J.: 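Encoded as C-alpha cells, here's the structure I'll be asking about.
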Amino acid sequence: MKFKSLKGTRDVLPGESHRWQYVEQAIRSVMHRFNYREIRTPVFEETALFARGIGELTDIVGKEMYTFTDRSETSVTLKPEMTASVIRSYIQNNLGEQLPLVKVYYLSPMFRQERPQAGRLRQFHQFGAEAIGGQAAAIDAECLALAMEVYRTLGVTNMSLKINSVGCEQCRPAYRELLQGFLSNVREKLSAESQKRFDANPLRILDSKDEGDKSLTARAPLMKDHLCKECADHFVELQSTLLAQKIPFEIDGRIVRGLDYYTKTAFEIVSTDLGSQDALAGGGRYDLLVEQLGGKPTPSVGFAAGIERLLMVMDQAKLFSGNEPHPFLFLAAADDDGRAWASKASMELRRAGIATELDLLGRSLKSQLKEADRQKADYVLVVGAAELAKNAATLKQMATGDHRTIGLSDLAAEINKLSS
RNA sequence: GUGUCCAUAGUUCAGCUGGUUAGAACGCCAGGUUGUGGCCCUGGAGGUCGUGGGUUCAAGUCCCACUGGACACCCCA
C-alpha cells in the first residue's frame, strides 16, 4: 500500500456514510426547529484571526494549529474551531445590521494537530450554533436546550448537562486574586502542569484531573460564589429558565472552558459512554469576543459539539436502525437480449424515481441473484428473450421469495405501486 | 509533545523456546443446480509477515530505528 491517509485522519466509507447523513439530517432539522440558519465559512483563515479570537496563550493556538504560509507569504490556518470564523463573518458581512439577534449553526470539519486517541482526531467534525447579539439568559437557555434537543432527538440518553458561570471582567479579576491567594499556600504541592497555570490561567487548576490537585483544591473558592450582581442574576435566571423548560442540568463550579473568550455561562454536555474524551459538547457565553475582533460590542452565546463522539455514543447505544440505502429493484438479465433490455429499462425506472440496480459485470444469473441479495434489493425482475417475447416477466420479492408475473409495458408504474 | 501496548491474506486472528513451499475462519470468485439469492458441498484467487537496517548457517519469530494504530497524560468537541 503506497499512500495512506495522514495520521489522525479517517475516511468515511460507503458502508458507514449513511450514519453520518442520518445524524447530519437530524441536526439540521433540530436547528431549523429552533430557527437557526446555516452558515458556511472557508476551511482556512488568516492565522491572526484564531490567535486573537481563541487566545494567544491557549494550547490550541500555541501548539495545535495547522498553520502554513501560502505562496503569497500569508500565514493561513486550517480552522481549529468555528466561533472565530463565524464572528469574523458576522462583522465582515454586517449581519448585525440586518437582524438584532443573529442565530446561525454550522456543520464542518475542524483541524487540530494533536496526538490521536479515542474520540480525538486531527481532522474532526463539529456541529454547533451561535446566537449573536443578545445578553438575556433566555438565549443561553435556548442554546443549551438546542444542544440537548439534538441528543434527545437522536435517542442519546447517557449524558449530563453541567453548567457554571465564569463571571465577567467586573468580577473575575477579584475572584482570580482570591483564588491565587488560596492556591499560593499549596502552590509547591500542585502538579507541575498546574503550577505552570498558576499565573497564566489559575481557573484551569480547578478542573485538573490530577488527584493531588483535586484534594488540594477541594475547598478552593469557586467563581460561581463570587459573581457580581449582574452575573449572579444572569446565572440564576438561566437556571430557572432551564427548570421551567424541563431541561435537566447540574451545576459544576469547576467547569472552565479552555478558550479565552468565555464570560458568564459555561457548560459541557458529558457522556458516560465515552472514554477519557467524554465531552460531547461544550460552549458558553462570549460577550467580549465580537468587540475584540473589531466589531461593535455584541454579547453572544454558542456551543460546539463533536460529531465523531456523537457517532461513537450512538453506536454503543445501538441507535442506528441500520436502514442503509439499497436498490428497490434489481434487474437480472438471463441472456444478452435481457441485458440490452435491462440497460434501457434501468434508465427509465431511475428517471421514474425507482432505485434500480442491474448487473454491469456480465455475470451469471445465479451471481446476479446473489448480488441482489447482498445489495438488499427488495425485488428482482428476471428478464431474457422469453420474457421479452411475452412482454411479461417474473418479479420476485426477496424477503419472502414470492413470485408474480408482471407486464413490461408500463413497468415503472407497476413498480411504483409496490413501493407505496 | 510524553508514556504504555500493538502491527501476519479484504477482515478477525493462529503461528510453541528462531528451523523445510506462512495457516484457519469469515469474506471474495467459480462450479455443483446449462434461467432464480440466503443453507450445504467442491474448487480457486488472495500475503515482498508495516518500512528500513542489524544479529544468525537460518528471522514472521531476536535487537535497533522509522512509520502507522489503540489507549492514557496534556488539551479539548
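Every chain is numbered from 1 and lettered A, B, ... according to where its sequence line falls, protein lines coming before strand lines. These numbers come from a predicted model, not from an experiment.
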J.: Tell me if a side-chain donor or acceptor on A:T47 pairs with a main-chain N or O of A:S75 at a distance below 3.5 Å.
T.: yes
J.: On RNA chain B, compare the nucleotides closest to A:G8 and A:E193; which residue's is nearer the 5' end?
T.: A:G8
J.: Please list all pairs meeting ring pair (Phe, Tyr, Trp, His ring centres under 6.0 Å) that have one or both residues in residues 390-418 of chain A, counting only residues at least two apart or in different chains.
T.: none
J.: Identify each donor-acceptor pair in which a side-chain atom of residues 330-337 of chain A lies under 3.5 Å from a protein atom, sequence neighbours left out, and give them as a table.
T.:
from	atom 1	to	atom 2	distance (Å)
A:D335	OD1	A:D337	N	3.1
A:D335	OD1	A:G338	N	2.8
A:D335	OD1	A:A385	N	3.4
A:D335	OD2	A:A385	N	2.9

J.: Can a donor-acceptor pair be found, under 3.5 Å and without considering hydrogens, that links the side chain of A:T217 to the backbone of A:D213?
T.: yes
J.: With rounding to whole Å, what would you report as the distance between B:rA24 and B:rG32 at their C1' atoms?
T.: 24 Å
J.: I want to confirm an ordering. Mapping A:H125 and A:Q277 to their closest nucleotides on RNA chain B, which one lands closer to the 5' end?
T.: A:Q277
J.: Nearest whole Å is fine: how far is B:rA77 C1' from A:M65 CE?
T.: 17 Å
J.: What integer number of Å spans the C1' atoms of B:rC57 and B:rG44?
T.: 37 Å
J.: Which letters describe nucleotides 30-40 of chain B, given B = protein heavy atom under 4.0 Å from base, S = only from sugar-phosphate, - = neither?
T.: S-B--BBBB--
J.: For B:rG37 and B:rU21, measure between their C1' atoms and round to the nearest Å.
T.: 39 Å
J.: For a quick test of reading the model, state the closest non-hydrogen atom pair linking A:K209 to A:S276 and the distance between them.
T.: NZ-OG, 3.4 Å
J.: Aromatic rings A:F44 and A:F68: how do their planes relate, parallel, tilted or perpendicular, breaks at 30° and 60°?
T.: tilted
J.: Determine the stems involving RNA chain B; a stem requires 3 or more consecutive pairs of the Watson-Crick or G-U wobble kind, each with both distances below 3.5 Å, and the answer is none if no such run exists.
T.: B:1-7 with B:67-73, B:10-13 with B:23-26, B:28-32 with B:40-44, B:50-54 with B:62-66
J.: Ignoring hydrogens, what is the shortest heavy-atom contact between A:A392 and A:T405? Give both atom names and the distance.
T.: CB-CG2, 3.9 Å
J.: Which residues in residues 209-216 of chain A have a heavy atom closer than 4.0 Å to any atom of RNA chain B?
T.: A:K209
J.: Can you check the A:L6 CG to B:rU67 P distance for me, whole Å?
T.: 13 Å
J.: Is it the case that over 12 heavy atoms from other parts of the model lie below 6.0 angstrom from the CZ atom of A:R10?
T.: no
J.: Rounded to the Å, how far apart are A:Q368 CD and B:rC29 P?
T.: 13 Å
J.: Using the C1' atom in both, what is the distance from B:rU17 to B:rC62, to the nearest Å?
T.: 12 Å
J.: Check this for me, if you would: do A:R33 and A:E149 make a salt bridge, where the nitrogen-to-carboxylate-oxygen distance has to be below 4.0 angstrom?
T.: yes
J.: I'd like the C1' distance from B:rG43 over to B:rG35, given in whole Å.
T.: 24 Å
J.: Only distances under 3.5 Å count here; give the side-chain donor-acceptor pairs of residues 107-114 of chain A to other protein atoms, sequence neighbours excluded, each with its distance to 0.1 Å.
T.:
from	atom 1	to	atom 2	distance (Å)
A:S108	OG	A:K79	NZ	3.0
A:R112	NH1	A:P80	O	2.4
A:E114	OE2	A:R120	NH1	3.3

J.: Could you give the NZ-to-P distance, from A:K4 to B:rG50, as a whole number of Å?
T.: 11 Å
J.: Under 4.0 Å, heavy atom to any atom of RNA chain B: which of residues 303-315 of chain A qualify?
T.: A:A304, A:G306, A:R309
J.: Determine, for A:E348 against A:R351, whether the closest basic-nitrogen to carboxylate-oxygen distance falls under 4.0 angstrom.
T.: no
J.: Determine the interatomic distance between P on B:rA58 and the same-named atom on B:rG53; round to the nearest Å.
T.: 16 Å
J.: Applying ring-ring contact (aromatic ring centres under 6.0 Å, His included), can you list everything that pairs with A:H18, at least two apart in sequence or on another chain?
T.: none
J.: What is the distance, rounded to the nearest whole Å, between atom NZ of A:K7 and atom P of B:rC66?
T.: 12 Å
J.: Using a 4.0 Å heavy-atom cut-off, does A:G119 contact any base of the nucleic acid, only the sugar-phosphate backbone, or nothing at all?
T.: base
J.: Measure from CZ on A:R122 to C1' on B:rG68 and round the result to the nearest Å.
T.: 11 Å
J.: Looking only at atom P, what distance separates B:rG60 and B:rA9, rounded to whole Å?
T.: 14 Å
J.: Just the rounded figure in Å: distance from P of B:rA77 to CG of A:L161.
T.: 15 Å
J.: Among A:K103, A:R28, A:E142, A:E130, whose side-chain hydrogen bond (donor to acceptor under 3.5 Å, both in side chains) with A:Y36 holds?
T.: A:E142
J.: Could you state the CG-P distance from A:D11 to B:rG69, rounded to the nearest angstrom?
T.: 12 Å
J.: Please encode protein proximity along nucleotides 1-8 of chain B as a string of B, S and -, counting only heavy-atom distances under 4.0 Å.
T.: BBB-----
J.: Sort and list the pairs that fulfil ring pair (Phe, Tyr, Trp, His ring centres under 6.0 Å) and have at least one residue in residues 345-370 of chain A, not counting sequence neighbours.
T.: none
J.: Indicate, with a heavy-atom threshold strictly under 4.0 Å, whether A:E81 touches base, sugar-phosphate, or nothing.
T.: nothing
J.: With a 4.0 Å cut-off, would you call A:R187 and A:D199 a salt bridge?
T.: yes
J.: Between A:K376 and A:E324 (salt bridge meaning N to carboxylate O under 4.0 Å), is one present in this structure?
T.: no
J.: Taking only residues two or more places apart in sequence or in another chain, which ones pass ring-ring contact (aromatic ring centres under 6.0 Å, His included) with A:Y286?
T.: A:Y261
J.: Take atom C1' in B:rA59 and the same atom in B:rG38, then report the distance between them in whole Å.
T.: 45 Å
J.: List in chain and number order the residues that pass side-chain contact (heavy atoms from CB on, under 4.5 Å) with A:E387, two or more places apart in sequence or in another chain; answer none if no residue qualifies.
T.: A:V383, A:A393
